[in-house]
Amino acid sequence: GAGVSQSPSNKVTEKGKDVELRCDPISGHTALYWYRQSLGQGLEFLIYFQGNSAPDKSGLPSDRFSAERTGGSVSTLTIQRTQQEDSAVYLCASSFRGPPRETQYFGPGTRLLVL
Amino acid sequence: KNEVEQSPQNLTAQEGEFITINCSYSVGISALHWLQQHPGGGIVSLFMLSSGKKKHGRLIATINIQEKHSSLHITASHPRDSAVYICAVRSFPHLSIKAAGNKLTFGGGTRVLVKP
C-alpha cells in the first residue's frame with residue numbers, strides 16, 4: 001500500500017521567501033508528526049497532530065513556523081521569511097493511533113535549501 | 001548532557017561480524033524506538049520497546065528500564081546493514097507538561113559501515 005508521501009522532494013528558495021511543505025500520511029492514520037534534520041544534526045521534533053485535537057506545537061523553533069492539518073489527513077508545514085538556518089530535511093511521519101506505544105512511518109522528506 | 005546518548009558514533013565492521021549499538025537516556029520513558037536511516041535518507045522504524053527484548057530477523061533490541069539503557073544488536077552483519085541507526089525515547093507525560101508525552105527525543109545516531 002501507499003506509504004507517507006511528501007512534496008516537493010527538494011526545494012531551493014531565497015532568504016526571506018515563504019515556503020510550504022506538504023505531507024500525505026497513510027490513509028487511516030490519526031497521528032501526524034513533523035520533524036527536522038539539519039545537516040550533521042539529529043532529528044528534532046517540530047509539531048504533532050492527533051485527530052481533531054489541538055496540535056502540540058511545542059517543538060516549533062519560532063513563530064515563522066506553522067502547520068495545518070486539513071480534514072485529519074494532509075498536512076502543510078509553512079515557513080515564513082525563510083532564513084539560511086532553516087535549511088534542513090523536513091520529515092513527516094504518521095501512525096495509526098499515536099503515542100505512547102506506536103510505530104511511526106516516515107516519509108522520504110523534503111530537502112530545503114535557503115540561499 | 002543530552003537526554004539520549006548513543007555510542008559509538010561511528011562503527012565499521014567486516015561482513016559477518018556481530019554489531020552492538022548502545023543507547024542511554026536520562027529521563028523516565030514510556031517507550032524507546034530504534035530507527036534505521038538509509039544513505040538515501042529514508043527512515044524505517046525497526047523496533048518499539050517498553051521492556052525486555054525483541055527480535056526481527058538478524059536484529060535484536062533489548063532494554064533495561066532500571067539502568068535506562070538499550071542495545072541494538074545486528075548478527076551476521078551484511079553490507080546492506082550499512083546505515084545510520086537512531087535511538088529515540090518518548091517521555092512520560094507530566095501533570096504540568098502533558099505534551100511531554102507527545103514527542104520523541106532522538107539520539108545523535110550511530111553510523112554503521114559493513115565492509116564486504
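Letters A, B, ... are given to chains in the order of the sequence lines, protein chains preceding strands, and every chain is numbered from 1. Please read all numbers here as calculations on a predicted model, not as lab measurements.
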> In terms of heavy-atom pairs under 4.5 Å with chain A, which of B:Gly42, B:Gly107, B:Ser50 leads?
Replying inline: B:Ser50
> Is any side-chain heavy atom of B:Met48 closer than 4.5 Å to a side-chain heavy atom of A:Gln104?
Replying inline: no
> In Å, rounded to the nearest 0.5 Å, how long is the span from CG of B:Leu104 to OH of A:Tyr48?
Replying inline: 10.5 Å
>> Hydrophobic cluster membership, with links at side-chain heavy-atom distances under 4.5 Å among I/L/V/M/F/W/Y: are B:Ile19 and B:Leu72 in one?
In response: yes
> Should we say atom CG of B:Asn10 is surrounded by more than 12 heavy atoms from elsewhere, each under 6.0 Å from it?
Replying inline: yes
> Relative to chain A, which segment of B:Leu49 carries a heavy atom at a distance below 4.5 Å: side chain, backbone, both, or neither?
Replying inline: neither
>> Hydrophobic clustering (ILVMFWY, side-chain heavy atoms < 4.5 Å, transitive) - are B:Tyr25 and B:Leu35 grouped together?
In response: no
> For A:Tyr35, is it the side chain, the backbone, both or neither that has a heavy atom under 4.5 Å from a heavy atom of chain B?
Replying inline: side chain
> What about A:Val4 and A:Phe49, same hydrophobic cluster or not, with Ile/Leu/Val/Met/Phe/Trp/Tyr joined at side-chain heavy-atom distances under 4.5 Å?
Replying inline: no
> For A:Gln41, is it the side chain, the backbone, both, or neither that has a heavy atom closer than 4.5 Å to a heavy atom of chain B?
Replying inline: neither
> Tell me, side chain or backbone of A:Ile47 under 4.5 Å from chain B's heavy atoms, or both, or neither?
Replying inline: neither
> Is there a path from B:Val4 to B:Leu11 through hydrophobic residues (I, L, V, M, F, W, Y) whose side chains come within less than 4.5 Å of each other?
Replying inline: yes
> Would A:Val114 end up clustered with A:Leu77 when hydrophobic side chains under 4.5 Å apart are linked, directly or stepwise?
Replying inline: yes
>> Just verifying a value: how many Å separate A:Thr103 OG1 and B:Leu46 CG, rounded to the nearest 0.5 Å?
In response: 10.5 Å
>> Minimum heavy-atom separation for B:Phe106 and A:Leu43, please, with both atom names.
In response: CD1-O, 3.3 Å
>> If I take atom CZ from residue A:Phe106 and atom CD from residue B:Gln37, how far apart are they, to the nearest 0.5 angstrom?
In response: 9.0 Å
> More than 12 foreign heavy atoms under 6.0 Å from CD of B:Glu15: is that the case here?
Replying inline: yes
